[in-house]
Amino acid sequence: MGGKTRRKLWSGRFTEETDRLVEVFTASLPFDMRLYDHDIEGSIAHCRMLEKQGIIPPADAGKILEALAELRTEIGSGAFRFVQSDEDIHMAIERGLIERIGPAGGKVHTGRSRNDQVSLDMRLYLRDEIGEILKLVAGLQKTFIALARRELDTIMPGYTHMQKAQPVLLSHYLLAFREMLGRDATRLAECLERVNVMPLGSAALAGTSLPLDRKYTARLLGFKSISANSMDAVADRDFVAEFIFDASLLMMHLSRFCEDLIIWSSGEFGFVEISDAYTTGSSIMPQKKNPDVAELVRGKTGRVYGNLVKILTVLKGLPMTYNRDLQEDKEPLFDTVDTVKMSLMVLNGMAGNLTFNRPRMLEEAAKGFSTATDVAEYLVTYGVPFREAHGIVGRLVAHCIAKGKDLSDLSLREFRKFYTGFDEGVYAVIPVKKAVNARQTIGGTARKEVLKQIGEAEKKGKSKRIKDKG
Ligand code: ARG
């Protein structure tokens, strides 16, 4: 960025130059530069509308459009020279335009303020990025479904309170994340509806006396609707906060998956091996292989939450309508977009390359009386009230612990000491595989049920891809 101070585009009523420190302090250019493409896209549509409405002559419009296209390439290639006094991307582009084609360049800002312009840019940008994020989420869902298919016969211990609870299929666990991601995608798609509203024409806050055709501009830019109230349009960034909230939930889901991977990859658990490409070593301990990627996704979740608090705090005390505080919407938004995209990409790669230690998982699934509930449910089928059955099996478990035995090690005589109605059938419900496949409720962990869920998930994924293409 060049250091030369130039006269500002808004400096008509000013006699003194801006203080250098103030220039640095107020500038958003260092970060809003990334909006350049969307800013130019908006200006092109606005210019075409101004021409159609006879507000600017076709000759000027032609020059503006040509120069905007050139500026687009120049900024894209890095050849455009930004200067400190540009303040933000909107003014940098307008300056570039005027330097190129003279006073005609100054016509592009007719009936427009940076207040509606910046809201437009943010909406155009976020619209694209939500589209990208949705694709990445769908990709990760697909990976989870593929893993679920691959691990259909892997039994693992399911936990509550981080205590062994009941055996489940690993596929069932993996599909749980597919569900969570599905809701994340739905939320983002709904957010997109509210982002996809065209604010241009609101001008500074009150609209304009010039005969703009807002609907035409919206059509050119592919917006579904236009904002209904100019004050609302320039004042609010609820769509930014909403997006960051949706992103926070998404990151929370990724973080919880990562947390499991971190625990499962420990020597103590030994349930999963994260491939070398997705782990890092220790600078001092040669034997170490650390799950840093998973840890960073977990850590970066905190960063996205921070962004949510930032934007909510910026918004809460603002008087109507636009205030410069709103410039602080950009960094949390950009940082969230970058963090979410990177996390999704790296996690997708890591998840696809996991190796689960099936024998280890099965071994642990069978421990800890994980099928005690099945024994109680077996008694229920003999008419024992569940609460009583619970007590009987609880005493059985205590007996087993005292004797250092497993439930399956007990003789029928021992079983009958606790309840006379026990028969040979009890041995059939104890094995973990039996216990898993007995849970046939809709959404349960039985192989048959999980297989059905996989089929439905695959079908949904396919029809979504067809819809996206169509
Ligand atoms: N850089 C400003 C922002 O990000 C653009 C709008 C400035 N508008 C104004 N009237 N000062 O919000």
Side-chain angles (χ1 to χ4, degrees), residues 1 5-14 16-19 21-43 46 71 75 80 82-98 106 108-129 195 197-208 227 230-241 243-244 307 310-338:
M1 205 179 292
T5 291
R6 308 183 185 210
R7 238 178 126 60
K8 303 272 190 301
L9 296 174
W10 41 251
S11 64
R13 57 109 64 215
F14 290 78
E16 277 181 69
E17 269 188 11
T18 318
D19 182 272
L21 204 54
V22 169
E23 224 166 53
V24 174
F25 185 68
T26 55
S28 53
L29 187 61
F31 47 86
D32 69 14
M33 239 180 233
R34 80 154 81 183
L35 294 173
Y36 85 90
D37 200 47
H38 295 107
D39 193 76
I40 291 177
E41 188 187 347
S43 287
H46 184 62
L71 281 168
I75 299 175
F80 183 80
F82 289 101
V83 291
Q84 184 69 62
S85 55
D86 278 336
E87 190 174 321
D88 58 27
I89 188 65
H90 325 293
M91 298 228 300
I93 290 172
E94 198 180 325
R95 173 184 60 79
L97 203 57
I98 294 169
V108 73
H109 211 53
T110 311
R112 188 176 72 175
S113 155
R114 272 185 295 158
N115 298 353
D116 57 350
Q117 184 178 4
V118 70
S119 170
L120 174 77
D121 292 6
M122 294 285 278
R123 286 168 184 276
L124 285 171
Y125 162 80
L126 190 51
R127 193 171 73 172
D128 283 353
E129 293 294 358
V195 170
V197 177
M198 211 277 309
L200 223 52
S202 303
L205 78 164
T208 167
S227 55
S230 60
M231 295 180 78
D232 169 40
V234 298
D236 214 348
R237 295 290 185 274
D238 54 353
F239 66 97
V240 175
F243 166 76
I244 302 178
N307 290 336
K310 265 192 223 169
I311 184 67
L312 289 172
T313 311
V314 165
L315 293 175
K316 78 180 263 287
L318 293 188
M320 285 287 265
T321 52
Y322 178 86
N323 301 271
R324 192 62 176 269
D325 315 47
L326 289 175
Q327 181 167 292
E328 291 291 314
D329 64 350
K330 281 165 204 63
E331 285 157 299
L333 176 65
F334 297 161
D335 184 65
T336 299
V337 166
D338 293 344

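One-based numbering, in listed order, for ligands and for the atoms of each.
Side chain of S202 to backbone of G207: no donor-acceptor contact under 3.5 angstrom is found. Proximity of a side-chain donor or acceptor of Q327 to a complementary backbone N or O of T26 within less than 3.5 Å is detected.
A 4.5 Å side-chain heavy-atom check between L71 and I93 finds at least one atom pair inside the cut-off.
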>> Test salt bridge (Lys or Arg N to Asp or Glu O under 4.0 Å) on D335 and K310; report intermediate values, then the result.
In response: CA-CA 12 Å; D335 184 65; K310 265 192 223 169; 5.9 Å; no
If you look at each N/O of ligand 1, which protein N/O atoms lie under 3.5 Å away, and at what distance?
from: ligand 1; atom 1: 1 (N); to: S28; atom 2: OG; distance (Å): 3.1
from: ligand 1; atom 1: 1 (N); to: D88; atom 2: OD2; distance (Å): 3.0
from: ligand 1; atom 1: 1 (N); to: Q327; atom 2: OE1; distance (Å): 2.8
from: ligand 1; atom 1: 4 (O); to: K330; atom 2: NZ; distance (Å): 2.6
from: ligand 1; atom 1: 8 (N); to: N115; atom 2: OD1; distance (Å): 3.0
from: ligand 1; atom 1: 10 (N); to: N115; atom 2: OD1; distance (Å): 3.1
from: ligand 1; atom 1: 12 (O); to: Y322; atom 2: OH; distance (Å): 2.5

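Listed by first and then second residue, the salt bridge (charged side-chain N to carboxylate O under 4.0 Å, His left out) pairs involving residues 112-124 are E87-R114, D88-R114 (not counting sequence neighbours).
Across all their heavy atoms, Q117 and S43 have their closest contact at NE2-OG, 4.2 Å.
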